Visitor: 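Dropping a structure here in structure tokens format, bear with me for questions.
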There are 2 protein chains.
Amino acid sequence: MKRTDFKNCSCAMQRSMGILGTRWKPIIIYTLRDRKARFGQLDALIENISRKVLTSSLKELEEDGIILREEFKELPPRVEYALTEKGKALIPIMCQLAKWNEEYYEESEPLIL
Amino acid sequence: MKRTDFKNCSCAMQRSMGILGTRWKPIIIYTLRDRKARFGQLDALIENISRKVLTSSLKELEEDGIILREEFKELPPRVEYALTEKGKALIPIMCQLAKWNEEYYEESEPLIL
DNA sequence: TAAAGTAGTTACCTTTGCGTAACTATCAAA
DNA sequence: TTTGATAGTTACGCAAAGGTAACTACTTTA
């Protein structure tokens, strides 16, 4: 089952996963929760992401109406990425997902101090 | 970057994605939001999932403390899957993800009637 | 004796996601 | 003329995710 098939499912959860169901996309959205950011900033803000994954994820998120790409005709060129209304509606959900992990982190992976 | 590396990141969102960042896992959790279910029931309830993906996803979700596998020594054998406390804490988040798609579905994919 | 139901496993294969590194284009400044 | 900055793209390849189909083991029922 391809990504596009997920997006046409009868189940709303499956459709959501067609848009968000990868490792990096929710992290990108979470990073844009309180700021616009340029390509290079996202690359720096998100630990360990590669430019290639960033490129393709941003492109797909734009196709799915989650983020907006704004290109400024300046030199050197500047491009800013920001969440759309549809994307902004995900902010509280993404924040809860991060908070969820903080609450249950110690339980599953005991830290040695 | 492997799944296990995500789970040890310093960013809580990245850790969450180490556990949940696939197409099918959130759908499985969502399906268990209001009921326990047996293997065969999950297979029937979740459209288009394969038994193989179901097997491996259930195994990893159990390792990560999200679901509980309860085996009854009956004949024919019965196994029930249910959310743990850690898994139950995800229910409202998963429901919001489904609701989010319902709200924005028409905007992105106009239906022909 | 054969079929049916439960809960998977196994082998094999394809697709997607992701990583690394080198490369492009543009212009300004040194 | 070379360097630097921005914002990517491209080629190559590996590993993980996912799909298909056949098979196992057990017992009850027909």
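Keep in mind that the numbers below use all heavy atoms, side chains included, and drop hydrogens, waters and symmetry copies. Letters A, B, ... mirror the listed sequences (proteins, then strands); counts begin at 1. These numbers were taken from a predicted model, which means no experiment stands behind them.
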Visitor: Starting at CE of A:Met17 and ending at C1' of D:dG18, how long is that distance when rounded to a whole Å?
Guide: 16 Å

Visitor: Just call it for B:Tyr81: base, sugar-phosphate, or nothing, with non-hydrogen atoms closer than 4.0 Å on any strand.
Guide: sugar-phosphate

Visitor: To the nearest Å, how far apart are A:Met1 CE and C:dT15 C1'?
Guide: 14 Å

Visitor: When you measure from the side chain of B:Trp100 to the backbone of A:Gly87, do you find a donor-acceptor pair of N or O atoms at a distance under 3.5 Å?
Guide: no

Visitor: Find out whether the Lys NZ or Arg CZ of A:Arg3 is both under 6.0 angstrom from the six-membered ring centre of A:Phe6 and within 45° of the ring's axis.
Guide: no

Visitor: Using a cut-off of 4.0 Å on non-hydrogen atoms, how would the nucleic acid contact of B:Lys59 be classed: base, sugar-phosphate, or nothing?
Guide: sugar-phosphate

Visitor: Between A:Arg23 and A:Thr55, which is nearer to the 5' end of DNA chain D once each is assigned its nearest nucleotide?
Guide: A:Thr55

Visitor: Which whole-number value in Å describes the distance from A:Ile28 CD1 to C:dC18 C1'?
Guide: 12 Å

Visitor: Would you mind telling me which of C:dA7, D:dT9, C:dG19 lies closest to the side-chain atoms of B:Arg69?
Guide: C:dA7

Visitor: Hey, does the side chain of B:Arg38 come within less than 4.0 Å of C:dT6's phosphate (OP1/OP2), counting only N and O?
Guide: no

Visitor: Can you tell me how far the SG atom of A:Cys9 sits from the CD1 atom of B:Ile27, to the nearest 0.5 Å?
Guide: 7.5 Å

Visitor: Across the strands shown, which category fits A:Phe6 at heavy-atom distances under 4.0 angstrom: base, sugar-phosphate, nothing?
Guide: nothing

Visitor: Looking at A:Arg78, I'd like to know whether one of its side-chain N or O atoms comes within less than 4.0 Å of OP1 or OP2 on D:dG8.
Guide: no

Visitor: Phosphate oxygens OP1/OP2 of C:dT16: is one of them under 4.0 Å from a side-chain N or O of A:Trp24?
Guide: no

Visitor: Between P on D:dA7 and CD on A:Glu70, what's the gap in Å once rounded to a whole number?
Guide: 13 Å

Visitor: Categorize B:Lys25 for me: base, sugar-phosphate, or nothing, with a 4.0 angstrom heavy-atom threshold over every strand shown.
Guide: nothing

Visitor: Atom CD of A:Gln41 to atom P of D:dT6: distance rounded to whole Å?
Guide: 9 Å

Visitor: Could you tell me whether A:Lys88 and A:Glu85 make a salt bridge, using a distance below 4.0 angstrom between a side-chain N and a carboxylate O?
Guide: yes

Visitor: NZ of B:Lys52 versus P of D:dA16: gap in Å, rounded?
Guide: 12 Å

Visitor: Rounding to an integer number of Å, can you tell me how far A:Arg51 CZ sits from D:dA7 C1'?
Guide: 7 Å

Visitor: Which one, C:dT16, C:dG19, D:dA7, comes nearest to the side chain of A:Pro77?
Guide: D:dA7

Visitor: Rounded to whole Å, how long is the line connecting atom CG of B:Leu20 with atom C1' of D:dA17?
Guide: 16 Å

Visitor: Taking the side chain as C-beta and beyond, is there a heavy-atom pair between A:Trp24 and B:Met17 under 4.5 Å?
Guide: no

